[in-house]
Amino acid sequence: MTALRAVVFDYGHTLINFAPAEDALLTVYEEIRQLLTAEAALDLPEAPQLVGALSRRVNEMVVDSYRQGDLEELDILNLFATALAALDITIPRDLIARIVELEHRALMATLRPDEPNLDVLRELRALGLRIGLVSNAHFLPTLMHEDIDRLGITPYIDVAVFSSELGVRKPHPAIFRHVLDALDIPPAQAIFVGDRLRDDIGGAKKLGMHAVLTRQFRHEEIIPELPRPDRVIDRLPDLLPFVHQLMDSRG
Ligand SMILES: [Mg+2]
């Protein structure tokens, strides 16, 4: 067995928690409603209805695509265009992009850095390990990179990739391979840490990575039908003993 050289993390519900932002959503849809009224002179539903017809509708389309097991990532601008079309609204793509950006910033502004988890990243780097991030997200890659900057994650990451920039989602091997290639580390010398058995653990194990399930923010039960992690942890700092164990197992 060769010694460990890299740790690759999932983002949502692994490095940080995602909490519902209902108030922020309503507030930003007031703003989006005003923008659409001003820019496109549209007769629009009130903000709460607009949240349902756009934000929730887009979310449903994403959830459906995961339910069908699609590994191709969706284009968020197309999703909004579809939801708008159902309201009989056709607007230029750059205006759709502004809506997407407004919604994204409002939703993600509620995210907070998790200091103990940032300490884990710091410690892994101090051990000389390379760090990667692989996240399934239909959101615009530029905005996702902005978020991890703001949350203080970027300085500890050698390479970060979102499914929306590669076009495929975990557990597709291409997204894991992309990061391992960029890190120049073979799968057997890397750990993947994530909260989802099918997407995170399944994808990583298939390539031959070590895989750790974290239950800090989301709790998945181990069942025979789903891929089995090598370790299960309740909080990210509990990853460190496994890291040391693999680092010491040279030969
Ligand atoms: Mg996750």
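Ligands are counted one by one from 1 in listed order, and the atoms in each one are counted from 1 as well. All values derive from a computational prediction rather than experimental measurement.
Legend: residues meeting ring-ring contact (aromatic ring centres under 6.0 Å, His included) with His172, ordered by chain and number and at least two apart, are absent. Checked against ring-ring contact (aromatic ring centres under 6.0 Å, His included), Phe80 has no partners two or more places apart in sequence or in another chain. Residues that satisfy the ring-ring contact (aromatic ring centres under 6.0 Å, His included) test with Phe139, not counting sequence neighbours, are His104.
Side-chain contact check for Arg231 and Gln245: at least one donor-acceptor pair (N or O, by modelled atom type) lies under 3.5 Å. Residues Arg169 and Ser65 bring a donor and an acceptor atom of their side chains to less than 3.5 Å of each other. Between the side chains of Asp195 and Thr214, no donor-acceptor pair of N or O atoms lies under 3.5 Å.
For the Mg ion (ligand 1), the neighbouring protein N/O/S atoms at less than 2.8 Å, given as residue and atom, are Asp10 OD2, Gly12 O, Asp195 OD1.
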